[in-house]
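Residue numbers count from 1 along this sequence. The figures that follow rest on heavy atoms only: side chains count, while hydrogens, waters and symmetry mates do not.
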Amino acid sequence: MPSVVHQVDKTSPVPVYHQISDDLISRIIAGEWLPGDRLPSELEFTEAYQVSRVTLRQALAELERQGIISRQCAKGTFLVRNPSPFVESLNFPTLEYHHSKNVSTILEWRIEQELPAYIHQISKITGDAPYVYVQRLFSSDEKTIGWNQAWFPAILVPNMMEVGLTEGSITATLTKTYGYKIHRIENNIEAVHLKASEATLLGVSYDTPALRIISTHFLPDKRPIEFSCTIWSGPMTRFHFVVEDS
């Protein structure tokens with residue numbers, strides 16, 4: 001018997017294979033194995049978790065699906081990458097431009113005649129006008145971590161689609177290209193169930209937990225300059241925030 005037994009709760013509604021894959025991810029993040037390392041054999045894992053080989057293989061298949069491990073015939077299972085989550089400050093979006101460690105890829109630009117109903121409901125903004133719409137994916141270490149949509153009153157950002165994003169950043173574009181100063185940002189944060197299309201964009205299964213942040217940016221004269229909605233993949237993102245007494 002192995003010296004260390006990793007307990008799973010076989011009475012839990014959470015599938016045993018899922019408990020094992022979660023535990024293995026925690027052990028990898030903790031540095032028990034490094035990228036390129038060969039992991040213990042299936043026999044060693046089944047003994048450590050006291051489960052059948054079928055259950056263990058389900059857990060390993062989940063890690064392989066996420067690109068964390070690679071199983072090679074007659075060679076073993078190897079760690080490909082550490083799935084340590086990307087950490088984003090929860091003062092995002094901020095009033096000040098900052099360089100984020102994530103990489104954004106523009107999927108689409110277009111003109112829309114109105115804001116989505118859920119943006120209207122949260123922002124309480126009435127009246128429609130043409131809006132410049134941009135859709136982006138955020139990634140870290142070549143893994144997709146978030147999907148962002150943003151709308152700007154077209155009259156306030158002339159030629160934005162042709163100009164593009166300054167330094168790949170919306171904030172930098174508004175402040176450096178158009179000379180705007182963001183005075184206030186309202187953020188609404190909620191846990192959400194992913195739609196099939198959203199899960200496909202993020203490259204995750206439909207039951208993956210996610211966090212949605214809907215933001216409205218205002219100028220000093222109280223005009224809204226940007227409406228945005230970002231969905232962050234739960235397993236790939238961790239948020240950090242600080243509360244200080246002003």
Side-chain angles (χ1 to χ4, degrees), residues 86-140 145-192 198 201 210-234 237-246:
F86 173 80
V87 179
E88 178 69 85
S89 294
L90 202 52
N91 57 357
F92 169 89
T94 62
L95 295 176
E96 299 296 333
Y97 167 61
H98 73 286
H99 288 280
S100 178
K101 294 180 181 179
N102 65 48
V103 176
S104 67
T105 301
I106 295 176
L107 299 180
E108 181 183 11
W109 287 99
R110 66 172 182 256
I111 296 294
E112 294 192 346
Q113 296 304 314
E114 59 183 12
L115 295 171
Y118 68 90
I119 296 289
H120 269 304
Q121 182 179 9
I122 290 177
S123 68
K124 307 300 182 184
I125 301 298
T126 58
D128 293 325
Y131 293 93
V132 176
Y133 168 83
V134 62
Q135 179 183 174
R136 301 180 295 164
L137 285 181
F138 294 136
S139 61
S140 177
I145 60 174
W147 175 48
N148 169 261
Q149 300 177 90
W151 295 261
F152 312 87
I155 194 172
L156 298 180
V157 288
N159 303 315
M160 189 181 198
M161 293 172 61
E162 292 74 24
V163 171
L165 296 184
T166 302
E167 301 174 18
S169 163
I170 286 176
T171 305
T173 302
L174 295 177
T175 57
K176 296 183 178 182
T177 302
Y178 293 99
Y180 290 122
K181 177 177 175 58
I182 306 302
H183 177 68
R184 181 168 61 91
I185 303 175
E186 294 183 3
N187 295 316
N188 291 270
I189 306 170
E190 62 179 329
V192 295
E198 295 167 344
L201 279 169
L211 193 69
R212 181 169 73 176
I213 302 179
I214 296 177
S215 306
T216 305
H217 299 59
F218 295 90
L219 299 174
D221 62 7
K222 299 184 179 181
R223 287 181 299 169
I225 183 64
E226 177 191 348
F227 307 90
S228 68
C229 174
T230 306
I231 295 178
W232 298 96
S233 173
T237 313
R238 179 180 298 152
F239 288 92
H240 169 263
F241 68 97
V242 177
V243 177
E244 295 182 349
D245 184 356
S246 58

Side-chain contact test, heavy atoms from C-beta onward, threshold under 4.5 Å: evaluate it for Y178 versus L156 and give yes or no. no

Return the set of residues passing side-chain contact (heavy atoms from CB on, under 4.5 Å) with P116 (not counting sequence neighbours), or none when no residue passes. Y118, I119, W151

Heavy-atom closest pair, residues I225 and F152: O-CD2, 3.4 Å

With distance as the sole test, does S104 use its side chain to make a donor-acceptor pair with the main-chain N or O of G168 at under 3.5 Å? yes

Reported NE2-to-NZ distance for the pair H183 and K222, which is rounded to 0.5 angstrom: 8.0 Å

Could I get the full list of ring-ring contact (aromatic ring centres under 6.0 Å, His included) partners for Y180, not counting sequence neighbours? none

Between the OG1 atom in T216 and the CD atom in E226, the distance rounded to the nearest 0.5 Å is 9.0 Å

Side chain to side chain contact (heavy atoms under 4.5 Å, CB included) assessment of L165 paired with W109: CA-CA 11 Å; L165 296 184; W109 287 99; 3.8 Å; yes

Inter-residue atom distance Q113.CD - Y131.OH, 0.5 Å rounding: 10.0 Å

Residue set satisfying side-chain contact (heavy atoms from CB on, under 4.5 Å) with T177, at least two apart, ordered chain then number -> V163, T166, T173

I111, CD1: over 12 other non-hydrogen atoms inside 6.0 angstrom: yes

Is a side-chain donor or acceptor of Y133 paired with a backbone partner of E108 at a separation under 3.5 angstrom? no

Should S228 and H217 count as side-chain neighbours, where that means a heavy-atom distance under 4.5 Å? yes

Taking all heavy atoms of S169 and all of A172, pick out the closest pair and write down the distance. OG-N, 3.0 Å

Salt bridge (charged side-chain N to carboxylate O under 4.0 Å, His left out) filter on E162, not counting sequence neighbours, yields none

Considering non-hydrogen atoms only, spot the tightest contact between K181 and P220 and give its length. O-CD, 3.1 Å

Heavy-atom pair of closest approach, residues S215 and N187: OG-OD1, 2.6 Å

Closest heavy-atom pair and its distance - I145, S140: CD1-CB, 4.1 Å

Least distance between heavy atoms, P224 atom then P153 atom: O-CG, 3.6 Å

Excluding sequence neighbours, so at least two apart, what forms salt bridge (charged side-chain N to carboxylate O under 4.0 Å, His left out) with R136? none

Non-neighbouring partners of W147 that pass ring-ring contact (aromatic ring centres under 6.0 Å, His included), sequence neighbours left out: none

Reported CG-to-CG distance for the pair L107 and L201, which is rounded to 0.5 angstrom: 6.5 Å

Evaluate side chain to side chain contact (heavy atoms under 4.5 Å, CB included) for T171 paired with I182, printing each intermediate quantity in order. CA-CA 9 Å; T171 305; I182 306 302; 5.5 Å; no

Between CG on residue N148 and CD1 on residue I106, distance to nearest 0.5 Å: 10.0 Å

So, do V157 and L174 sit near enough that their side-chain heavy atoms are less than 4.5 Å apart? yes

Do the side chains of V134 and I170 get nearer than 4.5 Å, heavy atoms only? yes

When rounded to the nearest 0.5 angstrom, what is the spacing between SG in C229 and CD1 in I213? 9.5 Å

